[in-house]
Amino acid sequence: MKNHTDLTSARDGENESLWQISHPRLEIKPLKENTIYDVVIVGGGITGVTTALELQRKGKKCVLIEAQNLGFGTTGGTSAHLNTFLDATYPEIDSDFGKEASAQLARATKEIIEMIHSNIKALEIDADFEYKDTFLFSQNQEETEQLKSILSSSQQAGVKVSEVFENGIPIDFQHVLLFKEQAQFHPIKYILGLAREFLKLDGDILEHTFVENSEYKDDIHYIKAGNITVQGRHLVWATHIPPGINILSLRNAPYRSYVLAVKLKNGDYPNCLAYDMQEPYHYFRSHEIDGDQYLLIGGADHKTGHDDPEKAFSALEKYAMENFDISSIDYRWSSQYYVPVDGLPYIGQFPGGDTNSFVATGFNGNGMIFGSLSAVILTDLILGIENDLAKLLSPSRLKPISGFMDFVQENADVAYHFVADRFGTEIIQSTKELKNDEGKIVELDGKKLALYKDVNGQAIALSPVCTHAGCIVNWNASEKSWDCPCHGGRFATDGKVLTGPPRKALERIEIHKIGQA
Ligand code: FES
């Protein structure tokens with residue numbers, strides 16, 4: 001299995017994904033002092049990069065700020081499917097938002113695939129884009145009923161779909177739908193191509209710059225990262241959940257999905273995208289990297305911080321072995337996405353946030369499509385252009401939940417006072433029980449501590465209390481991170497933030513002092 005080396009496209013987990021590549025550093029110029037940007041975009045995944053480019057193309061002066069390197073988050077761990085059918089099915093959208101909403105989304109998702117394709121062609125990005133036939137298949141009567149309803153709603157929405165008698169992969173099926181003109185691509189090569197164009201158009205990028213907070217005063221956002229302050233008239237949080245305690249945290253549940261990239265003994269790689277209808281569903285596609293073919297098999301999704309990631313990988317590997325003749329599993333990784341409570345993403349003005357601040361989140365398993373669609377919608381909103389989908393996907397469709405803010409604030413205020421000296425001996429004992437490169441939550445006299453022993457046997461002790469709203473993090477043995485079960489915040493083994501909404505590292509407990517006590 002591949003782990004991080006010195007790839008320039010690092011990601012937010014220990015396992016290497018198929019998309020991580022070494023590439024020449026982007027030619028980034030230092031920012032000019034005292035520039036007031038038209039738009040500051042925080043977050044360098046597909047949402048942030050595409051938004052920055054769209055706005056810069058329209059004449060806005062933009063800066064894109066990323067805490068690590070571009071594509072460090074979900075864009076570096078997606079399986080990069082591009083679909084006109086969504087995790088929220090068209091029957092569900094019909095019933096919850098109306099048939100016109102389904103038709104709007106069917107049109108928009110088709111246009112987004114075309115937009116990605118046309119960016120790739122126009123900018124000559126070598127991003128492995130291919131249109132593919134896509135199969136959605138049922139394996140029992142209940143799923144077949146759902147599939148028939150999906151067929152009829154999708155056709156009414158204007159999606160090109162028909163019934164067929166094959167599913168493109170060697171897995172038994174009962175009934176199959178074929179969606180035409182779906183696609184796949186290489187997400188990191190794509191966003192790097194967009195970023196190069198953005199720089200060429202005189203956009204600015206700040207990588208390895210972690211935004212801690214922002215303030216809005218006299219029509220200007222002051223975005224603070226260490227000793228840097230960036231100023232802008234508009235602010236886009238392209239970070240999944242925006243920072244702070246806000247209602248979007250409650251309306252989006254963080255999930256992790258697992259992916260294997262395997263080689264097949266018979267060399268017969270499917271030339272399609274395919275999905276079953278299990279809960280959670282499995283997804284399949286092939287991709288060639290540096291002359292090697294891989295089959296990608298994904299699934300085993302669960303809420304972040306709720307289940308054992310190693311068990312999820314084992315289940316997925318077992319399933320893969322049972323269904324394909326696999327010669328090797330070359331990559332395995334997991335990635336995070338956010339499931340919105342009503343099925344559709346939240347794209348637009350940040351509810352309860354500062355004036356002229358925007359969010360884009362809740363993309364479900366359709367992050368490449370909705371991330372790109374966010375760029376189109378946010379560009380229109382910032383330019384004051386009417387956009388048909390802006391109302392449907394407005395984050396303000398949220399109904400405030402009474403007592404929510406009190407609840408979260410109360411959680412955040414639960415002070416966690418770990419009295420290190422008192423537990424010195426127990427901590428040392430717990431550390432001995434850990435293997436190298438292993439972490440564990442230990443409980444001492446009713447208090448919890450996040451303990452990790454690094455590859456050299458050095459222990460790092462952290463407060464396990466998430467700095468966002470006070471939940472207790474869990475150890476992710478596969479990606480070597482501390483994952484919060486509440487809103488998906490994730491922290492590295494030294495406590496640094498890997499994934500928001502938290503903006504502060506986990507508190508470090510000085511373990512060597514304990515040893516001396
Ligand atoms: Fe919200 Fe941890 S991410 S409490």
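Order of appearance sets the numbers: ligands from 1, and atoms from 1 within every ligand.
- In this structure, the side chain to side chain contact (heavy atoms under 4.5 Å, CB included) partners of Glu310, at least two apart in sequence or on a different chain, are Asp308, Arg332, Ala477, Ser478.
- Counting only residues at least two apart or on different chains, the salt bridge (charged side-chain N to carboxylate O under 4.0 Å, His left out) pairs with a member in residues 223-239 are Asp38-Arg233, Glu215-Lys224.
- Checked against the 6.0 Å centroid threshold, Tyr338 and His487 do not count as a close aromatic pair.
- Side-chain atoms of Asp276 come within 3.5 Å of backbone atoms of His282 as a donor-acceptor pair (strictly under, hydrogens ignored).
- Protein atoms of type N/O/S that fall under 2.8 Å from atom 1 (Fe) of ligand 1 number 2 in this view.
- A disulfide bridge connects Cys486 to Cys471: their SG atoms sit within less than 2.5 Å of one another.
- Qualifying side chain to side chain contact (heavy atoms under 4.5 Å, CB included) partners for Ala261, counting only residues two or more places apart in sequence or in other chains: Leu18, Tyr294, Leu296, Tyr331, Trp333.
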